[in-house]
Amino acid sequence: MFAVAGAMLLAATQATPAPPPLLEWEVVSRRPHDTAAFTQGLLLDDAGRLFESTGRWGQSDLREVDPATGEVLRTQPSPAEFFSEGLALVGDELIQLSWRAGLAKRFDVDSFEPGDTHAYEGEGWGLCHDGERLIMSDGSARLTFRDPHTFEATGAVEVTFGDTPLRRLNELECVDGDVWANVWLTDAIVRIDPAHGHVTGVLDLRGLIEPHPAKADAGAVLNGIAWDAAASTFLVTGKYWPELIEIRVEDPAEEEAPV
């Protein structure tokens with residue numbers, strides 16, 4: 001299913017009349033990553049600290065990781081009934097989603113001390129903060145906008161690839177007004193305009209890592225996007241992957257635009 005889902009999405013870039021552009025990428029660096037981490041959320045703060053949310057029943061946690069060495073610097077284990085998912089930073093608080101518990105938990109970014117907990121309906125998958133609002137995925141084609149302080153839903157948009165709803169939106173990263181989303185069970189990351197939900201670019205990351213960890217474990221799929229604003233690069237990884245990979249992304253359409 002992993003290979004089929006990826007092929008269907010990436011083949012659609014040739015099948016639609018006006019497909020989103022395929023974005024170009026190059027590897028800048030490869031760093032170690034904990035192969036026991038079932039990566040669900042990934043982010044870098046302005047100080048260059050890397051935070052990761054990992055999942056699995058009875059194994060989930062929130063952690064700070066050395067972005068250069070992959071060393072786990074500190075952790076906040078989740079309760080056994082809390083299958084952790086996406087992660088976002090709002091001010092001095094990290095917000096961590098749960099898959100099916102319907103709870104979002106806040107933690108102080110410096111101490112990992114727990115703060116408020118918010119209830120929501122449905123599943124939690126990915127989460128990011130665009131500076132004004134939280135944007136959340138739930139495994140469907142819908143992105144839900146939420147108040148960053150109350151976590152109340154303030155709106156939603158359906159994500160479409162051409163005219164087709166794009167489901168299985170997972171880990172999210174907000175960058176300069178766009179939302180970047182892993183598409184679960186594929187090696188694709190899509191760039192989304194949240195104003196209307198259109199996919200505006202596709203990152204085909206097949207060949208990024210060899211041998212692909214999913215060949216040995218079907219659950220070891222690409223998942224995890226962190227934007228490094230200082231370097232203008234992304235850090236990407238996957239569930240149980242041995243590497244955290246820094247890539248630089250270019251949009252050929254932007255390079256060809258007249259000055």
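Treat the numbers as computed from the prediction; the structure is a model and nothing was measured.
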Under the side-chain hydrogen bond (donor to acceptor under 3.5 Å, both in side chains) test, residues paired with His198 that sit two or more places apart: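 Result, side-chain hydrogen bond (donor to acceptor under 3.5 Å, both in side chains) vs His198: His196.
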Beyond-backbone contact of Leu97 with Tyr120, side-chain heavy atoms, under 4.5 angstrom: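 When only atoms from C-beta onward are counted, Tyr120 and Leu97 do touch, with a gap below 4.5 Å.
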Ring pair (Phe, Tyr, Trp, His ring centres under 6.0 Å): pairs with one or both residues in residues 21-55, sequence neighbours excluded: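 Sorted result for residues 21-55: Phe38-Tyr240.
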Contact list for residues 128-149, test ring pair (Phe, Tyr, Trp, His ring centres under 6.0 Å), sequence neighbours left out: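 Sorted result for residues 128-149: empty, none.
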Check against side-chain hydrogen bond (donor to acceptor under 3.5 Å, both in side chains), Ser78 and Ser84: CA-CA 7 Å; Ser78 302; Ser84 298; 2.8 Å; yes
Steps toward side-chain hydrogen bond (donor to acceptor under 3.5 Å, both in side chains) verdict (Gln96, Ser53): CA-CA 7 Å; Gln96 184 183 43; Ser53 174; 3.0 Å; yes
ILVMFWY cluster, Leu103 and Phe83 together (side-chain gap under 4.5 Å):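 They do not share one cluster, since no chain of ILVMFWY contacts under 4.5 Å joins Leu103 to Phe83.
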Leu87-Phe151 co-clustered via ILVMFWY side chain contacts under 4.5 Å: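 No; Phe151 is not reachable from Leu87 via cluster members.
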Nearest heavy-atom pair of [X] and [Y]: which atoms, and what distance?
X      : Y      : value
Thr186 : Val183 : OG1-O, 2.8 Å
Ala88  : Leu134 : CB-CD2, 3.9 Å
Leu42  : Leu235 : CD2-O, 3.9 Å
Asp251 : Pro21  : OD1-CG, 4.1 Å
Leu43  : Leu89  : CD2-N, 3.7 Å
Leu169 : Ala181 : CD2-CB, 4.2 Å

Steps toward side chain to side chain contact (heavy atoms under 4.5 Å, CB included) verdict (Trp180, Leu203): CA-CA 10 Å; Trp180 297 74; Leu203 265 179; 4.0 Å; yes
Among Val179, Thr164, Val190, Asp193, the one residue meeting side-chain contact (heavy atoms from CB on, under 4.5 Å) with Val199: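 The passing option is Val190.
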Taking only Lys NZ, Arg NE, NH1 and NH2, and the carboxylate oxygens of Asp or Glu, determine whether [X] and [Y] approach each other closer than 4.0 Å.
X      : Y      : value
Glu85  : Arg100 : no
Glu158 : Arg142 : no
Arg49  : Asp110 : yes

Could you check whether [Y] and [X], counting side-chain N and O atoms only, form a donor-acceptor pair closer than 3.5 Å?
X      : Y      : answer
Gln59  : Trp57  : no
Arg106 : His118 : yes
Thr200 : Arg191 : yes
Asp147 : Thr154 : no

Selection residues 118-182 - residue pairs positive for disulfide bond (SG atoms under 2.5 Å apart), sequence neighbours left out: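 Every disulfide bond (SG atoms under 2.5 Å apart) pair that includes a residue of residues 118-182, provided the two are not neighbours, is Cys128-Cys174.
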Any pair counted as salt bridge (charged side-chain N to carboxylate O under 4.0 Å, His left out), so long as it reaches residues 233-247, sequence neighbours left out: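 Listed once each, the pairs are Arg30-Glu243, Arg31-Glu246.
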By side chain to side chain contact (heavy atoms under 4.5 Å, CB included) - contacts of Ser232 (at least two apart):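 For Ser232, the residues satisfying side chain to side chain contact (heavy atoms under 4.5 Å, CB included) (neighbours in sequence not counted) are Trp227.
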